[in-house]
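Just so it is clear: chains get the letters A, B, ... in the order the sequence lines come, proteins before strands, and each one is counted from 1.
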2 protein chains.
Amino acid sequence: MDIIRVFGSNVRYYREQKGLSQEKLAEMSGLHRTYISDLERFQRSISLSNVQKIADALEVETHVLFIEK
Amino acid sequence: MDIIRVFGSNVRYYREQKGLSQEKLAEMSGLHRTYISDLERFQRSISLSNVQKIADALEVETHVLFIEK
DNA sequence: TTGTGACTATAAGTCCGTC
DNA sequence: TGACGGACTTATAGTCACA
C-alpha cells in the first residue's frame with residue numbers, strides 16, 4: 001500500500017467523476033496542469049498544503065483521497 | 001478545517017496513545033526529532049512520503065491521520 | 001487533452017544547539 | 001521531554017516547450 005499511488009489514483013477517479021480535465025482541475029486548485037498530470041501518474045510526492053487545495057477543488061473530504069479503493 | 005492542523009493533532013494523539021516520545025517516534029519513522037516537534041505544532045507542511053513513514057511508525061492507516069476528531 | 005524532460009526557485013527536511 | 005532558533009542540504013513546487 002503506497003500512499004502516493006493511492007492518492008494519485010483517487011485524484012484521477014474523482015476528477016473524472018466530476019467530468020473535469022486536468023487543465024480545469026489545475027485552474028480550480030490554483031496549481032499547474034503538468035503538476036496534476038505528474039501526481040496522477042505517481043511522479044511527485046506532493047505536500048499537504050497542495051493536497052488540501054486539490055481536495056477542495058474536487059469537493060471531497062481530504063481523508064477520502066487516502067482510502068484505497 | 002485545516003489539514004495541517006488535523007494531521008499534527010492526530011500525530012500527537014496517536015504518539016501519546018502509544019507512549020512514545022517525539023524522539024522515539026522520529027527514530028522509528030526515520031525522520032528528525034525537530035521535525036516531529038514542528039509538525040505537531042503545525043509549523044510545517046509535510047510531504048506524502050513522510051506522512052506514510054509516520055503512519056507506519058504509529059501503526060495506523062494513513063487516512064486516519066486526516067480525520068478530524 | 002495529456003505525457004514527458006528539463007529547468008530554477010522555494011519549501012521540506014536535517015542537524016547543531018539552548019532553554 | 002519538548003519548544004524553539006539558525007544554518008544548512010535536498011526534495012518538491014512550479015513552469016515551459018514539445019510530443
[X] [atom1] to [N] [atom2]: how many Å, rounded?
| X | N | atom1 | atom2 | answer |
| --- | --- | --- | --- | --- |
| A:Asp38 | C:dG5 | CG | P | 10 Å |
| A:Glu16 | C:dT1 | CD | C1' | 11 Å |
| B:Ile4 | C:dA11 | CD1 | P | 12 Å |
| B:Gln22 | C:dT14 | CD | C1' | 16 Å |
| B:Glu40 | D:dC4 | CD | C1' | 14 Å |

Got a sec? Which of residues 41-51 of chain A come in under 4.0 Å of DNA chain D, heavy atoms? A:Arg44, A:Ser45, A:Ile46, A:Ser47, A:Asn50

Please work out which residues in residues 29-36 of chain A have a non-hydrogen atom less than 4.0 Å from an atom of DNA chain D and list them by number. A:Leu31, A:His32, A:Arg33, A:Thr34, A:Tyr35

Same cluster or not: are [X] and [Y] linked, directly or through other Ile, Leu, Val, Met, Phe, Trp or Tyr residues, by side-chain heavy atoms under 4.5 angstrom apart?
| X | Y | answer |
| --- | --- | --- |
| A:Leu48 | B:Val60 | yes |
| B:Val11 | B:Ile4 | yes |
| B:Val64 | A:Val51 | yes |

Looking only at heavy atoms, which two atoms of [X] and [Y] are closest? And how far apart?
| X | Y | value |
| --- | --- | --- |
| A:Leu25 | A:Arg15 | CD2-CD, 3.7 Å |
| A:Phe42 | A:Arg5 | CE2-O, 3.2 Å |
| A:Asp38 | A:Arg44 | OD2-NE, 2.9 Å |

What's the separation between atom CD1 in A:Ile46 and atom OH in A:Tyr35, rounded to the nearest 0.5 Å? 4.0 Å

Would you say C:dG3 has OP1 or OP2 under 4.0 Å from some side-chain N or O of A:Arg12? yes

May I ask which nucleotide in the shown strands pairs with D:dG5, Watson-Crick or G-U wobble, both distances under 3.5 Å? C:dC16

Min side-chain heavy-atom separation A:Ile54-A:Leu39 under 4.5 Å: yes

